[in-house]
Amino acid sequence: MDKKRYGRKKSDRPKQRQSNFEPRQQGKKEYAKVNGGVFLYSKPLSVSDLSTAINVPINAIIKYLFAQGKMVTINQMLDDEMIGELCLEFGYDFKKEKVVDAEHFEELVVEDDPSLLEERPAVVTVMGHVDHGKTSIIDAIRHTNVAGKEAGGISQAIGAYQKDWKGKKITIIDTPGHAAFTQMRARGASVTDIVVLVVAADDGVMPQTIEAIDHARAAGSEIIVAINKMDLPGANPNRVKNDLVAQEVVPEEFGGDVLTVEVSAKTGKGLDDLLDTILLKAEMMELKANPARYAIGTVLEANLDKGEGPKATLLIQNGTLSQGDFVVVGTTFGKIRRMVSADGEVLKTAGPSTPVSVIGLSEVPQAGDRFMAFPTEKEAKEVAEARALKKREEERGGTSALTLADLNNIVNSGKIQDLNIIVKADTQGSAESLKANLEKLSSDQVRIRVLEARAGAISDSDVLLASASKAIIYGFNLRPDQHVQDKAKEEGVEIRTYRIIYEILEEVERAVKGMYKAEMVERIVGTAEVRHRYKITDVGVVAGSYVLDGSIKVGEKCRLIRDQVVVYEGKVNSLARFKDRVNEVKKGYECGITLHNYQDIKEGDLIECFEMVEKE
């Protein structure tokens, strides 16, 4: 296989890398070649084709077949049995390959030369029931505090990290634990070698524990059980093990092959043993990859970053990804402008089993998309355009649905109705998860159709699509700006925003069952724009603001919005005009605002005050 070389300094170049696809060979059919004594082919061959490919005279092939009682001509097509027989006769092993062109690279099965393979880190996915301590275990391993920052204390995106342990690396993927993220857990399992199944010692095996076991089995992943919360008085590891046996996950001490480790994320007990167990299992699995080829892998997460544009977290599964590489990700492409590790280190190259955050793509890809690097920009662009063209055959219906309250009345009247929904979220993984779970809520009376589910701010085009198809827009962790809200009001489109995904699912489920009660609704009472940021001793950060609409009052519920993304929700702590403390500031006036227990305020942020009122 030809090797491609980048025009970099030698020290920057990881290795001369092979293309993921075999280059054309002069004088031979593209689909028939001899490689190390093995004749590889993918299509039916004529006598002439085979003669050229294995360098055996046509007369010799015809003579051999004649001796076997088979009369053939120079242009006669040979079946697989005859090709195999001829190859063995003339000293070749043979293999029929499935043809995969660059456009369908996710179907590519890479078979590397064993001499090029090197040991790679294990990719470990942490799974289990909600609130059993998956993220807390990873926090303890990394000495970070991710769990405390999650809305509702529940993980809502996939995080990927690397841990150095005893001279080796372990790649860890944290998947959300709530039922809404079944698909995201499935995606995590599809790229993983080992599943660490976290089960709380005081709670035992729960429904999502069983789902995680099913995903691990479906992916063919090895399972290690971490029995967490061993510091609690009600901890009962034997009960957990018996529960696991009932699910056919048999621990070693019960005669099975599943390793179990008793841990406490709170005290740190057993975490070293857990890491040792992961390394032991990885060593037994003999995990290897070829760093000397262009990278292939999977998108774990993707989002639109205000300052850097489309950003994606990629897991490299084979090959080496380098800064400057041209990549196709799903239906988009780009040049890797910057590549950052999970610890924030800027990387020039990243090898197999490494998770990296990259910028340089032309659009936000879909989480779960496959990606592959190509030798040239031209090749990457052509492949991406061909893939995008195929994807553009989406059907969108024009059936109607109004508000959830209207839908509730229609369901109770016994009529069948379609509920069209547009989902916008801060990350692609959340948007996908919402789409999948909303569509599952369809009933005999209501068909739920998610017309669009994407990462990014709610825009005018979303409102126009919702208006044309009479859809409801759901925003997760987003707030539309005033212009979009005005447009929605003008078009009669309902925009509903939430920060906890299962609240959306519960609301729609109630509507589908005809039990929706629009008792309390949110009413915006004031909006202020942060124009300056001050830090005052004994007070903290003060937002020098201008009230754009309504009024701002001390003690009111509020949220801080940055680029349409909600970054804080709490209440107004204090207000000041010049040097005087005040209780209220109305539209058209400037003021200083402090937020309760929150300091990360920036110029350009919006402070939106709201109240819950009873809807007629």
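The shown structure was predicted, so the numbers you read here are calculated from the model rather than taken from an experiment.
The two residues Ala455 and Gln428 have their closest heavy-atom pair at N-OE1, 3.1 Å. A pairwise comparison of heavy atoms in Asn318 and Asn290 identifies OD1-N, 2.9 Å as the closest pair. The two residues Ala226 and Val196 make their nearest non-hydrogen contact at CB-CG1, 3.9 Å. When all heavy atoms are compared, the tightest approach of Phe326 to Ala380 is CB-CB, 4.0 Å. Considering every non-hydrogen atom in both Ala457 and Gln564, the closest pair reads CB-OE1, 3.2 Å. Residues Ile194 and Ala282 come closest through the heavy atom pair CD1-N, 4.0 Å.
Between Glu119 and Lys288 there is no salt bridge, since no side-chain nitrogen of the basic residue lies less than 4.0 Å from a carboxylate oxygen of the acidic one. Using a 4.0 Å cut-off between charged side-chain N and carboxylate O, Asp563 and Arg479 make no salt bridge. Salt-bridge formation is detected for the pair Lys311/Glu308: a Lys NZ or Arg NE/NH1/NH2 atom is positioned less than 4.0 Å from an Asp or Glu carboxylate oxygen. The residues Arg531 and Glu529 are annotated as salt-bridged, a charged nitrogen and a carboxylate oxygen being separated by less than 4.0 angstrom. A salt bridge is defined here as a Lys NZ or Arg NE, NH1 or NH2 lying under 4.0 Å from an Asp or Glu carboxylate O, and Asp462 with Lys424 meets this definition.
Side-chain contact between Phe371 and Leu314: present, with at least one pair of heavy atoms (C-beta onward) separated by less than 4.5 Å. Residues Glu452 and Lys435 fail the side-chain proximity criterion, which asks for heavy atoms closer than 4.5 Å. The shortest distance between side-chain heavy atoms of Ile607 and Ser545 falls below 4.5 Å. Considering only heavy atoms from C-beta on, Ser221 stays 4.5 Å or farther from Thr125 through its side chain. At least one side-chain heavy atom of Val258 sits less than 4.5 Å from a side-chain heavy atom of Val225. The closest side-chain heavy-atom distance from Leu321 to Ile336 is below 4.5 Å. Taking 4.5 Å as the limit, some side-chain heavy atom of Leu315 sits within range of a side-chain heavy atom of Val123. Side-chain contact check for Asn228 versus Val199: every heavy-atom pair is 4.5 Å or farther apart.
In this structure a side-chain-to-backbone donor-acceptor pair under 3.5 Å is present from Lys134 to His129. No donor-acceptor pair under 3.5 Å is formed between the side chain of Asn437 and the backbone N or O of Leu434. Between the side chain of Thr376 and the backbone N or O of Glu379 there is at least one donor-acceptor pair closer than 3.5 Å. At distances below 3.5 Å, not a single donor-acceptor pair connects side-chain atoms of Gln162 with backbone N or O atoms of Pro355.
In the model, Arg533 has no side-chain atom that pairs as donor or acceptor with a side-chain atom of Gln599 under 3.5 Å. The closest side-chain donor-acceptor pair between Thr332 and Ser362 falls under 3.5 angstrom. Between the side chains of Ser433 and Ser430, no donor-acceptor pair is found at a separation under 3.5 Å.
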Could you walk me through whether Ile316 and Val356 pass side chain to side chain contact (heavy atoms under 4.5 Å, CB included), step by step?
CA-CA 8 Å; Ile316 301 159; Val356 291; 4.3 Å; yes

side-chain hydrogen bond (donor to acceptor under 3.5 Å, both in side chains) between Ser353 and Arg120, intermediate numbers included
CA-CA 6 Å; Ser353 298; Arg120 66 169 176 83; 3.1 Å; yes

Tyr598 and Tyr568: ring pair (Phe, Tyr, Trp, His ring centres under 6.0 Å), yes or no, with the steps?
CA-CA 8 Å; Tyr598 194 75; Tyr568 163 81; 4.6 Å; yes

Could you walk me through whether Phe374 and Val383 satisfy the side chain to side chain contact (heavy atoms under 4.5 Å, CB included) test, starting with their C-alpha distance in whole Å, then the side-chain angles of each, then the deciding distance to 0.1 Å, before giving a yes or no?
CA-CA 10 Å; Phe374 287 84; Val383 170; 4.1 Å; yes

Determine, step by step, whether Leu560 and Leu595 satisfy the side chain to side chain contact (heavy atoms under 4.5 Å, CB included) criterion, reporting the C-alpha distance in whole Å, the side-chain angles of both residues, the deciding distance to 0.1 Å, and the verdict.
CA-CA 9 Å; Leu560 188 72; Leu595 303 179; 4.3 Å; yes

Between Asn303 and Asp426, does the side chain to side chain contact (heavy atoms under 4.5 Å, CB included) criterion hold? Intermediate values first, please.
CA-CA 7 Å; Asn303 68 294; Asp426 58 338; over 6 Å; no

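Going from atom CD of Gln323 over to atom CZ of Arg337 covers 10.5 Å, rounded to the nearest 0.5 Å. Going from atom CG of Leu438 over to atom OH of Tyr474 covers 7.5 Å, rounded to the nearest 0.5 Å. Atom NZ of Lys163 and atom OG1 of Thr171 lie 13.0 Å apart (nearest 0.5 Å). Atom-to-atom distance recorded for Thr320:OG1 and Tyr294:OH is 11.0 Å, nearest 0.5 angstrom. Within the model, atoms CD of Gln485 and CG of Asp481 stand 7.5 Å from one another, a figure rounded to the nearest 0.5 Å. Between the CG atom in Leu300 and the CD1 atom in Ile173 there is a gap of 5.0 Å [rounded to 0.5 Å].
Considering only residues two or more places apart in sequence or on other chains, Lys166 meets the side chain to side chain donor-acceptor pair (under 3.5 Å) condition with Asp276.
Within 6.0 Å of NZ in Lys381 there are 12 or fewer heavy atoms belonging to other residues, nucleotides or ligands.
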